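Okay, handing you the structure first.
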Amino acid sequence: MFQANLLQDKVIVITGGGTGLGRAMGELFLELGAKIAITSRREELLRKTADEMMAAHGGEVFVMPCDVRDPAAVETMLDGISAHYGRIDALLNNAAGNFISPTERLSHRAVDTVLNIVLHGTFYCTLALGKRWIAAGHGGRMLNIVTTYAETGSAFVVPSAAAKAGVLAMTRSLAVEWARYGITMNAIAPGPFPTPGAWERLMPDPKLAEEALTRVPLRRVGNHTELANLAAYLLADGSAFINGECVTIDGGEWLRGASEFGYLDTLTDGQWDDLTARSKQAGR
Ligand code: HXC
Ligand code: NAP
């Protein structure tokens with residue numbers, strides 16, 4: 001759906017870029033001419049992913065391992081990528097940690113783990129790169145992957161909901177504060193996009209995944225290319241006036257949940273005939 005050179009020579013850092021959605025977005029960026037740097041905790045996995053991505057799409061994928069919970073490691077990661085490519089044009093904050101649990105069962109360490117990866121890790125990467133861009137006198141683009149429940153909250157993933165809400169608040173705040181430095185910041189709120197990382201921790205029973213489908217008005221999950229297309233659009237030069245926005249991509253899922261009568265979308269024509277006949281009797 002794009003011109004082949006949409007992201008030509010842009011240096012894009014992707015946290016959590018070795019797996020799942022981070023990898024899918026990286027693959028499309030490569031196809032569109034970008035130079036990619038992927039980072040996460042597992043160096044071996046990153047190297048394997050980078051080799052596969054370059055074999056499939058050409059271009060260059062640079063690997064720099066880092067635990068985003070460690071601010072010193074974040075600085076080292078950015079040093080390594082800047083030294084390799086000579087600059088960084090965009091940051092995709094995609095790394096996350098999450099699992100389902102009744103909140104009262106969580107230890108404080110479990111809470112810290114998710115908050116540290118999602119909220120602190122995203123903040124450390126954003127802050128470290130923002131300072132560099134401001135000091136160097138040039139801007140750049142930042143894109144943060146949140147979730148639809150960053151706005152609404154969600155039961156049973158409460159540390160993730162709190163952390164993603166924080167990332168969304170940071171996105172909207174810095175979009176205003178750092179615009180004067182030429183830095184724009186946006187977010188994407190995906191609905192269900194099956195990945196091993198998310199599904200093993202959030203839908204550990206296949207029945208949960210089946211039920212998840214019924215919540216989406218389009219009756220399907222997202223495909224990774226659809227998300228990657230949106231990310232590419234939001235990092236392209238032609239969308240530079242979009243700033244502080246959070247774009248939902250969920251097939252209508254969260255609105256169906258919020259919609260008072262949205263649950264009726266599973267009724268058959270026969271059931272509607274019956275309900276209509278009954279409602280026409282109202283007041284008679
Ligand atoms: C309860 C859990 C738990 C679980 C870990 N803990 N998993 N508690 N239920 N399923 C607790 C541990 O017991 C421990 O507390 C504390 O959390 C830290 O656990 P560690 O295993 O030591 O943490 P760590 O090795 O740092 O691993 C982080 C992780 C792990 C978040 C726990 O799952 C991970 O590495 N995740 C990365 C990938 C990921 O989560 N991807 C999904 C993103 S999907 P105690 O007290 O015992 O020491 C997403 C949105 C999806 O974000 C939305 C879908 C619609
Ligand atoms: P995923 O494959 O598990 O991706 C998470 C990535 O984060 C992994 O590559 C992981 O790599 C990295 N990571 C975790 N902890 C890290 C740390 N401390 N430091 C550095 N990297 C770390 O899951 P995904 O589904 O693709 O999720 C990607 C993003 O989409 C996340 O922000 C998630 O919240 C969001 N999202 C996903 C869905 C969905 O349906 N899949 C829906 C809404 C939002 P390492 O383990 O190697 O560190």
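For this chain, numbers begin at 1 and follow the sequence in order. For ligands, and for the atoms within them, numbers begin at 1 and follow the listed sequence. As a basis for the values below, the full set of heavy atoms in this structure was taken, side chains included, without hydrogen atoms, waters or symmetry mates. Values in this document were obtained by computation on a predicted structure and should not be read as measured data.
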Original post:
Taking the non-hydrogen atoms of D67, is any one of them nearer than 4.0 angstrom to ligand 2?
Top reply: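 D67: in contact with ligand 2 (<4.0 Å).
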Original post:
Where the closest heavy atom to atom 28 (C) of ligand 1 is concerned, which of N98, T113, V157 has it?
Top reply: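 Shortest heavy-atom distance from atom 28 (C) of ligand 1: T113.
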Subject >> atom 37 (C) of ligand 2 - nearest protein heavy atom and its distance >> reply: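 Minimum-distance protein heavy atom for atom 37 (C) of ligand 2 reads L21 CD1, 3.6 Å.
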Original post:
Looking only at non-hydrogen atoms, which of G191, S40, A73 approaches atom 11 (O) of ligand 2 most closely?
Top reply: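 Among G191, S40, A73, the closest heavy atom to atom 11 (O) of ligand 2 comes from S40.
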Subject >> ligand 2 atoms in contact with G20 (distance to a heavy atom under 4.0 Å) >> reply: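 Contacts of ligand 2 toward G20, numbered from 1: 2 (O), 26 (O).
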Subject >> Residue and atom name of the nearest protein heavy atom (relative to atom 8 (C) of ligand 2), distance in Å to one decimal >> reply: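 Atom 8 (C) of ligand 2 sits closest to the protein heavy atom T19 OG1, 3.2 Å.
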Original post:
Can a protein heavy atom be found under 4.0 Å away from atom 13 (O) of ligand 1?
Top reply: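 Flag for atom 13 (O) of ligand 1 set to false, no protein heavy atom closer than 4.0 Å.
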**OP:** Would you indicate which of A96, P65, A95 comes nearest to atom 14 (C) of ligand 2 when only heavy atoms are counted?
**Re:**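 The residue whose heavy atom sits nearest atom 14 (C) of ligand 2 is A96.
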Original post:
About how many Å separate CG of L143 and CG of L235, when rounded to the nearest 0.5 Å?
Top reply: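 That separation rounds to 5.0 Å.
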Original post:
Would you call the rings of H138 and W133 parallel, tilted or perpendicular if under 30° counts as parallel and over 60° as perpendicular?
Top reply: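 Tilted: the ring planes of H138 and W133 meet at 30° to 60°.
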Original post:
What part of V68 sits under 4.0 Å from ligand 2 if we count only heavy atoms: the side chain, the backbone, both or neither?
Top reply: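 Both parts.
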Subject >> Distance-only N or O hit between ligand 2 and R41, under 3.5 Å >> reply: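 N/O-N/O distance under 3.5 Å: yes.
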Subject >> Ligand-residue contact atoms, ligand 2 with G197, heavy atoms, under 4.0 Å >> reply: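 This gives 3 (O) as the contact atoms.
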Original post:
So which bit of P192 gets within less than 4.0 Å of ligand 2, heavy atoms only: side chain, backbone, both or neither?
Top reply: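 Looking at P192 and ligand 2, just backbone atoms fall under 4.0 Å.
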Original post:
Less than 4.0 Å between atom 22 (O) of ligand 1 and some protein heavy atom, yes or no?
Top reply: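 So far as the 4.0 Å threshold goes, atom 22 (O) of ligand 1 is out of reach of every protein heavy atom.
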Original post:
Do L208 and I100 come within less than 4.5 Å of each other through their side chains, counting heavy atoms only?
Top reply: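 A side-chain contact exists here, since the closest heavy-atom pair is under 4.5 Å.
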Original post:
Roughly how far, to the nearest 0.5 Å, is the CD atom of E27 from the CE atom of M53?
Top reply: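 Taking CE in M53 and CD in E27, the distance rounds to 5.0 Å.
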**OP:** Provide, to 0.1 Å, the distance between atom 4 (C) of ligand 1 and the closest protein heavy atom, together with that atom's residue and name.
**Re:**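 For atom 4 (C) of ligand 1, the nearest protein heavy atom comes out as F99 CD1, 3.3 Å.
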**OP:** Below 4.0 angstrom from a heavy atom of W199, which ligand 2 atoms are there? Numbered from 1 as shown, please.
**Re:**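 So the answer, numbered in order with elements, is 40 (O).
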Subject >> T147 neighbourhood, listing ligand 2 atoms whose heavy-atom distance to it stays under 4.0 Å >> reply: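 Reading through ligand 2 atom by atom, the close ones are 43 (C), 44 (C).
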**OP:** Do me a favour and list the nearest non-hydrogen protein atom to atom 23 (O) of ligand 2 with residue, atom name and distance?
**Re:**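 The closest one turns out to be T195 OG1, 3.7 Å.
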Original post:
In terms of residue, atom name and distance, what is the protein heavy atom nearest to atom 53 (C) of ligand 1?
Top reply: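 Protein heavy atom at minimum distance: L202 CD1, 4.0 Å.
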Subject >> Residue and atom name of the nearest protein heavy atom (relative to atom 26 (O) of ligand 1), distance in Å to one decimal >> reply: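 Ranked first by proximity to atom 26 (O) of ligand 1 is R69 NH1, 2.9 Å.
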**OP:** Decide whether N144 and T122 meet the rule of one side-chain donor and one side-chain acceptor closer than 3.5 Å.
**Re:**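 No, T122 and N144 have no side-chain donor paired with an acceptor closer than 3.5 Å.
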Original post:
Looking at atom 25 (O) of ligand 1, what's its closest protein heavy atom, distance included?
Top reply: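 The closest heavy atom on the protein side is R41 NH1, 4.4 Å.
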Subject >> Residue-ligand contact N94/ligand 2, heavy atom below 4.0 Å >> reply: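 N94: in contact with ligand 2 (<4.0 Å).
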**OP:** Do me a favour and list the nearest non-hydrogen protein atom to atom 46 (O) of ligand 1 with residue, atom name and distance?
**Re:**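 Result for atom 46 (O) of ligand 1: S107 OG, 2.6 Å.
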Original post:
At a non-hydrogen distance cut-off of under 4.0 Å, which region of V146 contacts ligand 2 (side chain, backbone, both, or neither)?
Top reply: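 For V146, only backbone atoms sit under 4.0 Å from ligand 2.
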**OP:** Say whether R23 and T195, considering side chains only, have a donor N or O and an acceptor N or O under 3.5 Å apart.
**Re:**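 Result is no, nothing qualifies.
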Original post:
Who gets closest to atom 48 (O) of ligand 1 by heavy atom: R201, R109, E200?
Top reply: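 The residue whose heavy atom sits nearest atom 48 (O) of ligand 1 is R109.
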Original post:
Can you list the ligand 2 atoms lying under 4.0 Å from a non-hydrogen atom of I117?
Top reply: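 By the 4.0 Å cutoff, the relevant atoms are 15 (N), 16 (C), 18 (N).
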Original post:
Side chains of M203 and E211: closer than 4.5 Å at any heavy-atom pair?
Top reply: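 With C-beta onward as the side chain, the pair stays apart.
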Original post:
For ligand 2, which atoms, with element, lie under 4.0 Å from some heavy atom of F193?
Top reply: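 That gives atoms 39 (C), 40 (O), 41 (N) of ligand 2.
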Original post:
So between P159, A163, A96, G197, whose heavy atom ends up nearest atom 38 (C) of ligand 1?
Top reply: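 Result: the heavy atom closest to atom 38 (C) of ligand 1 is in A96.
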Original post:
Just heavy atoms, cut-off under 4.0 Å: does C66 contact ligand 2 by side chain, backbone, both, or neither?
Top reply: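 Just the backbone.
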Original post:
With a 4.0 Å cut-off on heavy atoms, does I145 reach ligand 2?
Top reply: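 Heavy atoms of I145 do come under 4.0 Å of ligand 2.
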Original post:
Which residue and non-hydrogen atom of the protein lie closest to atom 44 (S) of ligand 1, and at what distance in Å?
Top reply: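 Of the protein heavy atoms, A198 CB, 3.6 Å lies nearest.
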Original post:
Is R23 in contact with ligand 2, taking contact as a heavy-atom separation below 4.0 Å?
Top reply: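 False for this residue.
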**OP:** Pull out every atom of ligand 2 sitting under 4.0 Å from any heavy atom of R69, numbered as shown with elements.
**Re:**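 That gives atoms 18 (N) of ligand 2.
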Original post:
Can you list the ligand 2 atoms lying under 4.0 Å from a non-hydrogen atom of K164?
Top reply: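 Listed by number with element: 31 (C), 32 (O), 33 (C), 34 (O).
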**OP:** List the closest protein heavy-atom neighbour of atom 6 (C) of ligand 2: residue, atom name, distance to the nearest 0.1 Å.
**Re:**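 Here the nearest protein heavy atom works out to G16 CA, 3.7 Å.
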Subject >> Residue, atom name and distance, where the atom is the protein heavy atom closest to atom 11 (C) of ligand 1 >> reply: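 I find the closest protein heavy atom is A110 CB, 3.6 Å.
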Original post:
Are E52 and H57 close enough that a side-chain donor and a side-chain acceptor fall under 3.5 Å?
Top reply: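 The answer is no; no qualifying pair exists.
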